[in-house]
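Each chain gets a letter, A, B and so on, in the order the sequences are listed, and its residues count up from 1. Hydrogens, waters and symmetry mates are skipped; everything else that's a heavy atom, side chains included, is used.
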Amino acid sequence: MDMNQVRVRFAPSPTGYLHVGGARTALFNYLYAKHHHGVFVLRIEDTDLARSTEASTRAILDSMAYLGLDWDEGPEKGGDYGPYFQSQRLELYKEYAEKLLSMGRAYECYCTPEELDQIRQEAAAQGRDPKYDGRCRNLTDTQRREFVRQGRKPVIRFKADFEGTTLVDDLIRGQVIFDNNQLDDFVIIKSDGMPTYNFAVVIDDALMRITHVIRGEDHLSNTPKQIQIYQALGFAVPQFAHIPMILGPDRTRLSKRHGATSVGQFQEEGYLAEAMVNYLALLGWAYDDSQTIFSKTELIEKFSLSKVSKNPAVFDLAKLQWMNGVYIRELSLDELYQRTLPLFKSWGFVPQEVGSELEAKVKSVLRVLQERVKTLADLKEASCYFFQDEVRYDEKAVSKVLFKEGAAEILSSLLPELLAVKDYTQENLEPVFHKAQEQRQCKLADVIQPVRVAVTGTNVSPGIYDVLAILGRARACQRIKDALALIKSRQEGQVHDG
RNA sequence: GCUCCCAUCGUCUAGGGGUCUAGGACACCGCCCUCUCACGGCGGAGACAGGGGUUCGAAUCCCCUUGGGAGUGCCA
């Protein structure tokens, strides 16, 4: 094995969906690994029995797959350093905990949660740090027996070194020094036998030969604890790189109350993985002063930790939307069709089996809508009138355009013209409107807008000739008739009212 | 409270002592294109948190203040 090979990991806990923060961490690890021709490990940290679920694991794996962050070792993939679920590595944690126990670097603690709470409260009341006071460090056998007799289940605490300082040599933040007297004897094995995060992460990273720990800045403060365990066990300390947090618009840590934050949700809302990856990469990393659009290949080629920013970044949905639009516009018509066909089916716009004629129609729709949507999901609203029999009239558009003076006359005079057009195509439709405009000496918009509202129900759509052509003569003309009926019924209603 | 991290336009950032009257992107505003909306093009407004140093010279280095974030769990 190449001892210099880069090995990084992403280690989510399956207690919910994959968040954009986690996704960004995964991405940076992935990019770093690929850039250095290293190995990207995925490890599931499911030691919290109460909160971990298989559904969450599934969701995280799915989101990783959607983003295209394929891992070299991990669940469903295996590898030489498995298992990759912490719940399947309990023997390992036990082994090293016992090693620490026998070395005198750990001890059993029988304090109850209530007692610990009291210790913290008293400390706070006296203005001391809320640290564990180490009262179980030197229990006598009699004391121990008494606790066991009471039915207490012990935890195992690490005997921390309070002397001196611990240096965290961080690839992004430089040398960060912590006073060891800030530490306390923290728990490494819970009373249910599961390891705590700070312990399991060290054992796993060491055993899995992780060379670079790239993770969120929220872990920086815990790093001294972990370093002490590395040192106590004689493990090599990996390189650390703590990347900045992602914040919501209010500058607090990004969470659900800021709106969509799970990757799965963005996927459902029609964001392309390419756009997500590109946007996430730019959250805390920049290449130079000019480039913002990067393919994944370019990201791999250009990514480096030295260009990762130190300051937290606010998640900007507007920019993601813009970028998604860029990627949608870059798609070829065939690609766009492949990606959106399942959506059209799910909306009931097209049947399960799509014939070549319908395929051509869908592609025509996509062609005219491609540059007008920011997400794939936007297509539903934007294209419904092409596929549904009933037009849903937008009230404002109707009253503003259809019920306007002269609209009915325009529509009724246009109707026979449209029925008479020889070859009903986009090019042949255009002269009809220009003729009408010249005859009336009005603006082109005055003749087009009523038609637009009549056939789409709204005053916003792609070019009217495109829309009419895609709709087909029969349907377009029927809708114009329907609109005329609508106008008429309203006029009669007014007569009655008046 | 204690510890640690951070500080350039509203947002993401370029910038690592002179080339900065601070560059780009998104968003915003205006104009152009135009059948509406988008796309596209052109233009505009908009930032070095404050105060001390160091230096011939500071957005860039140091200190303090302020502001923000994180950690301080038998969560990860």
Write down the distance between [atom1] ([X]) and [atom2] ([N]), rounded to a whole number of angstrom.
X       : N      : atom1 : atom2 : value
L282(A) : C12(B) : CG    : P     : 12 Å
D184(A) : G1(B)  : CG    : P     : 20 Å
N222(A) : C5(B)  : CG    : P     : 15 Å
F186(A) : G71(B) : CZ    : P     : 17 Å
F178(A) : C5(B)  : CZ    : P     : 6 Å
L183(A) : G73(B) : CG    : C1'   : 15 Å

(message) Quick check on RNA chain B: between L220(A) and N198(A), whose nearest nucleotide comes earlier from the 5' end?
(response) L220(A)
If you compare every side-chain N and O of [X] against the phosphate oxygens of [N] (OP1, OP2), does one of them come in below 4.0 Å?
X       : N      : value
R120(A) : G73(B) : yes
K310(A) : A70(B) : no
K190(A) : C75(B) : yes
R251(A) : G10(B) : no
N311(A) : U8(B)  : yes
T47(A)  : A76(B) : yes

Scan side-chain atoms only and decide if [X] and [Y] contain a donor-acceptor pair under the 3.5 Å cut-off.
X       : Y       : result
N180(A) : E163(A) : no
R157(A) : T196(A) : no
Q291(A) : K302(A) : yes
T223(A) : Q226(A) : no

Describe the nucleic acid contact of [X] in one word from base, sugar-phosphate, nothing, applying a heavy-atom distance below 4.0 Å.
X       : answer
T196(A) : sugar-phosphate
P312(A) : sugar-phosphate
K307(A) : sugar-phosphate
C109(A) : nothing
T458(A) : nothing

Given the [atom1] atoms of [N] and [M], what is the spacing between them in whole Å?
N      : M      : atom1 : value
G46(B) : A22(B) : P     : 11 Å
A76(B) : G71(B) : C1'   : 13 Å
U55(B) : G43(B) : C1'   : 40 Å

Determine whether the aromatic ring centres of [X] and [Y] lie less than 6.0 Å apart.
X       : Y       : value
F303(A) : F28(A)  : yes
F158(A) : Y96(A)  : no
Y271(A) : Y327(A) : no

Contacts under 3.5 Å, N or O only, protein and nucleotides 30-39 of chain B:
from: C35(B); atom 1: O2; to: R452(A); atom 2: NH1; distance (Å): 3.0
from: C35(B); atom 1: O2; to: R452(A); atom 2: NH2; distance (Å): 2.7
from: C35(B); atom 1: N3; to: I464(A); atom 2: N; distance (Å): 3.2
from: U36(B); atom 1: O2'; to: N459(A); atom 2: O; distance (Å): 3.0
from: U36(B); atom 1: N1; to: R452(A); atom 2: NH1; distance (Å): 3.3
from: U36(B); atom 1: O2; to: N459(A); atom 2: O; distance (Å): 3.4
from: U36(B); atom 1: O2; to: S461(A); atom 2: N; distance (Å): 2.8
from: U36(B); atom 1: O2; to: S461(A); atom 2: O; distance (Å): 3.1
from: U36(B); atom 1: N3; to: R452(A); atom 2: NH2; distance (Å): 3.2
from: U36(B); atom 1: N3; to: S461(A); atom 2: O; distance (Å): 2.4
from: U36(B); atom 1: O4; to: S461(A); atom 2: O; distance (Å): 3.4
from: U36(B); atom 1: O4; to: G463(A); atom 2: N; distance (Å): 3.3
from: C37(B); atom 1: O2; to: R372(A); atom 2: NH1; distance (Å): 2.8
from: C37(B); atom 1: N3; to: R372(A); atom 2: NH1; distance (Å): 2.3
from: A38(B); atom 1: O2'; to: E371(A); atom 2: O; distance (Å): 2.2
from: A38(B); atom 1: N3; to: E371(A); atom 2: OE2; distance (Å): 3.2

